[in-house]
Amino acid sequence: MQSFEKRYEKVPVSVFSDAEIASELVAKQVASLIREKAAKNEMCVLGFITGATAVGIYEQLTYLHKNEGLSFKNVIAFNIDEYYPLDKTELQSRHKYLHEYLFDETDILPENIYLIPGDLKKSEISNFCRNYEEKIKDVGGIDLQLLGLDSRGQIGANEPGSMFNSQTRLITLDYATRMSAASNFFGEENVPDYCITMGIETIMSAKRIIMMAWGEGKAKIVCKMVEGPVTEMMPASILQKHPNASFIFDSASASELTRMKTPWLTGSVRWSNKLVRKAVFWLCEKLDKPILKLTERDYNDSGLGELIAEIGAANKINIKVFNDLQHTITGWPGGKPNADDTTRPERATPYPKRVVVFSPHPDDDVISMGGTLARLSDHGHEVHVAYQVSGNIAVFDDEVTRFLDFVRDIAPLYQWDEPKAQKAYQDTLEFFHRKRPGQTDLPAITAAKTAIRQGEARSAGRYLGIPEDRIHFLNMPFYETGTIKKKPIGPEDLKIVADLLQKVKPHQIFAAGDLSDPHGTHRVCFMAILEALKQLKNEEWLNDCRLWLYRGAWQEWDIAEVDMAVPLSPEESRIKRMAIFKHQSQKDRPLFPGTDPREFWQRAEERNIATAVRYDKLGMAEYQAIELFVRYHFEKE
């Protein structure tokens with residue numbers, strides 16, 4: 001029987017604190033089914049997916065195979081879709097992905113692998129699709145189909161509007177899907193126009209389904225799938241009708257579900273300070289009223305009578321929340337010297353402070369907290385910026401050509417070796433002419449792309465008054481593969497981060513705390529910082545260090561969660577914009593834009609303005625823009 005708190009949910013949902021824990025659970029369920037079938041001397045037919053959602057699951061399955069004896073010899077594998085046309089050796093091929101992440105790491109028998117090919121002749125596709133359907137039936141049907149959720153509710157490559165009775169077929173990818181895939185193909189123009197996909201009926205014929213989603217970017221579509229109506233315009237909604245489907249999400253992807261976003265509408269809750277803030281802000285937005293104008297009737301009529309009964313009169317709640325929110329606002333992100341810091345988000349002493357700002361890519365710092373960075377520098381703090389990865393794969397090839405052309409032209413002026421400059425230019429042009437999308441660059445080209453991004457970061461730093469000797473390029477090894485696929489984070493990565501922290505001994509650390517980066521780099525970089533802090537837990541300086549989290553270009557903090565809000569004047573907003581402009585290789589058209597067509601400076605500026613408008617509507621002073629931070633209480637034990 002469905003619990004009252006889940007009364008809006010039309011399917012069985014399990015929510016876990018993070019994707020790693022959820023992935024481990026799914027992997028164990030898959031392993032359990034494989035072993036159960038093996039014990040009965042039966043084959044286990046599995047439907048596999050690709051993409052970021054599946055990485056942790058396949059890593060865990062590989063671990064179980066290598067360390068706990070999980071055998072895949074009784075597994076029959078099908079995959080859900082494949083781009084067309086696309087050779088199986090290409091970086092973006094589902095075939096290549098599944099072999100690299102799972103099949104080549106286990107003992108699955110090659111004759112039991114049935115993958116959709118992307119290199120068929122067009123005249124062969126219809127016949128292949130019929131045979132694929134028949135093969136699934138011949139082996140007794142799919143025992144367990146894994147599913148991920150795309151941004152508009154696709155399952156497989158079934159676009160919105162796909163018929164529920166569709167079977168394996170060739171489909172045309174629409175513009176939104178191609179834009180979403182552009183990052184993996186190094187540009188929208190390289191994304192294939194078609195995809196061969198299992199149909200919705202094919203997917204629904206699986207005996208069991210596990211649907212998964214991770215990250216804030218999936219939150220709205222998860223809510224529609226779980227709580228909304230069944231409609232062909234949201235293909236995943238049909239899973240509500242499957243007799244044996246389970247839905248597994250991390251807390252970020254589940255954040256828009258009613259029981260997570262507005263739990264007071266689903267039953268009694270335990271009122272923490274931040275939950276009270278969340279409820280009051282929700283009520284203000286719902287009624288379009290500032291905090292101090294909310295009445296007792298407003299609370300009662302909107303399902304918040306329990307809050308009044310537990311805490312007291314509306315006026316008491318309003319003043320408490322108003323003051324709490326007001327105390328998050330500060331023009332002194334490093335602390336105001338010689339001032340009472342009782343209600344300020346940052347302590348007054350020591351002053352000046354040593355500050356390390358970690359930036360996953362070479363522009364995340366200015367995009368996310370450029371105004372605060374300028375303020376910290378202007379207030380005289382010792383600011384260090386640490387760029388964790390090179391970001392070299394996000395540089396267009398023609399940027400390299402442009403810079404080498406410049407070097408070739410100025411070589412005579414500086415009495416450089418002109419023939420070498422000319423040869424470097426010609427060799428690069430020839431390589432780019434034959435280069436395939438996603439192909440790993442030559443080492444010299446990779447180094448040139450790294451140098452371009454480092455030069456831009458230095459330029460932005462100089463503009464904000466940060467000396468070059470306080471700009472650090474960590475070039476963490478996990479990232480430096482030359483392709484989108486990265487290595488697992490290792491001891492060498494942690495040592496680089498820990499060494500910098502030990503050298504600076506900061507009083508403040510700023511880091512990217514968002515988990516919605518399309519490639520997961522922000523997540524990995526943040527975990528590296530936390531692991532490095534664990535290694536340094538016995539250092540005395542850590543007792544006087546605070547960790548502040550900002551958000552990257554993809555999401556913003558919920559105001560109810562915010563601990564520090566730094567307002568920006570029109571001039572400071574302009575300074576932030578100009579600092580972002582220093583990253584010219586990412587200007588106009590970034591290589592990895594995601595589904596948002598706006599440039600990064602536009603996303604940042606519009607987000608900061610929207611935050612200021614929200615504060616204004618809640619009853620705070622009217623500012624041009626605001627940057628938000630959440631304090632992270634890391635374990636020192």
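- Applying the side chain to side chain contact (heavy atoms under 4.5 Å, CB included) criterion to Lys286, with sequence neighbours excluded, gives Trp282, Ser302.
- Atoms CG and CG, on Leu547 and Leu533 in that order, are 6.5 Å from each other to the nearest 0.5 Å.
- Inspection of the Arg152 and Ser180 side chains reveals no N or O donor paired with an N or O acceptor under 3.5 Å.
- The CG atom of Leu149 sits 6.0 Å away from the NZ atom of Lys218 when rounded to the nearest 0.5 Å.
- Comment: Arg347 engages Asp544 in a salt bridge, judged by a side-chain N to carboxylate O separation of less than 4.0 angstrom.
- Judged purely by distance below 3.5 Å, without hydrogens or angles, the side chains of Gln388 and Ser359 never pair a donor atom with an acceptor atom.
- Heavy-atom contacts from other residues, nucleotides or ligands closer than 6.0 Å to NZ of Lys505 number more than 12.
- Taking a cutoff of 4.0 Å between a charged side-chain nitrogen and a carboxylate oxygen, Asp324 and Arg277 do not qualify as a salt bridge.
- You'll find the ring centres of His381 and Tyr351 inside the 6.0 Å limit.
- Atom OG of Ser272 and atom NZ of Lys278 lie 10.0 Å apart (nearest 0.5 Å).
- Residue Ala348 comes nearest to Ala339 through the heavy atom pair CB-O, 3.8 Å, listed as atom of the first residue, atom of the second, then distance.
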Practice prompt. Decide yes or no on side chain to side chain contact (heavy atoms under 4.5 Å, CB included) for Ile509 and Leu501, but give the supporting numbers first.
Written response: CA-CA 9 Å; Ile509 298 170; Leu501 290 172; 3.8 Å; yes
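- Between Lys220 atom NZ and Glu256 atom CD the span is 4.0 Å, to the nearest 0.5 Å.
- For Tyr550 and Phe358, the ring centers sit 6.0 Å or farther from each other.
- Atom NE2 of His522 and atom NE2 of His361 lie 5.0 Å apart (nearest 0.5 Å).
- The existence of a salt bridge linking Glu556 and Arg607 is confirmed by a sub-4.0 Å separation between a basic side-chain nitrogen and an acidic carboxylate oxygen.
- Under a 4.0 Å N-O distance rule, the pair Lys582/Asp363 does not qualify as a salt bridge.
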Discussion item. As a quick check of understanding, evaluate side chain to side chain donor-acceptor pair (under 3.5 Å) for Asn608 and Thr611, giving each step before the final call.
Written reply: CA-CA 5 Å; Asn608 296 158; Thr611 299; 5.3 Å; no
Item to complete: Under the side chain to side chain donor-acceptor pair (under 3.5 Å) rule, what do Thr372 and Glu627 come out as? Steps first, then yes or no, please.
Response: CA-CA 7 Å; Thr372 302; Glu627 293 177 336; 2.6 Å; yes
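- Judged purely by distance below 3.5 Å, without hydrogens or angles, the side chains of Glu605 and Ser573 never pair a donor atom with an acceptor atom.
- Relative orientation of the Tyr632 and Phe526 rings is perpendicular, given thresholds of 30° and 60° on the angle between their planes.
- Between the side chains of Gln240 and His242, no donor-acceptor pair of N or O atoms lies under 3.5 Å.
- Within the 4.5 Å cutoff, side-chain heavy atoms of Phe281 are placed close to those of Val321.
- Ion pairing of Glu227 with Lys10 is absent here, as no side-chain N (NZ or NE/NH1/NH2) approaches a carboxylate O to less than 4.0 Å.
- Side-chain atoms of Ile489 and Met527, non-hydrogen and from C-beta on, never get closer than 4.5 Å to each other.
- Taking 4.0 Å as the cut-off between side-chain N and carboxylate O, Lys274 and Asp563 count as a salt-bridged pair.
- For Gln586 and Glu456, the side-chain atoms include no donor-acceptor pair closer than 3.5 Å.
- Contact check on Glu20 versus Arg523 returns a salt bridge, with a Lys/Arg side-chain nitrogen under 4.0 Å from an Asp/Glu carboxylate oxygen.
- Applying the salt bridge (Lys or Arg N to Asp or Glu O under 4.0 Å) rule to pairs touching residues 365-375 yields Arg375-Glu572, sequence neighbours excluded.
- For the atom pair CG of Leu257 and CZ of Phe247, the computed distance is 11.5 Å after rounding to the nearest 0.5 Å.
- Under the rule for a ring-ring contact (aromatic ring centres under 6.0 Å, His included), the partners of Phe581 that lie at least two apart in sequence or sit in another chain are Trp601.
- Within 6.0 Å of atom NZ in Lys28, 12 or fewer heavy atoms from other residues, nucleotides or ligands are found, so the atom counts as exposed in its surroundings.
- By the 4.0 Å N-to-carboxylate-O rule, Lys6 lies too far from Glu9 to be salt-bridged with it.
- In terms of heavy-atom proximity, Ile57 sits nearest to Ala27 at O-CB, 3.8 Å.
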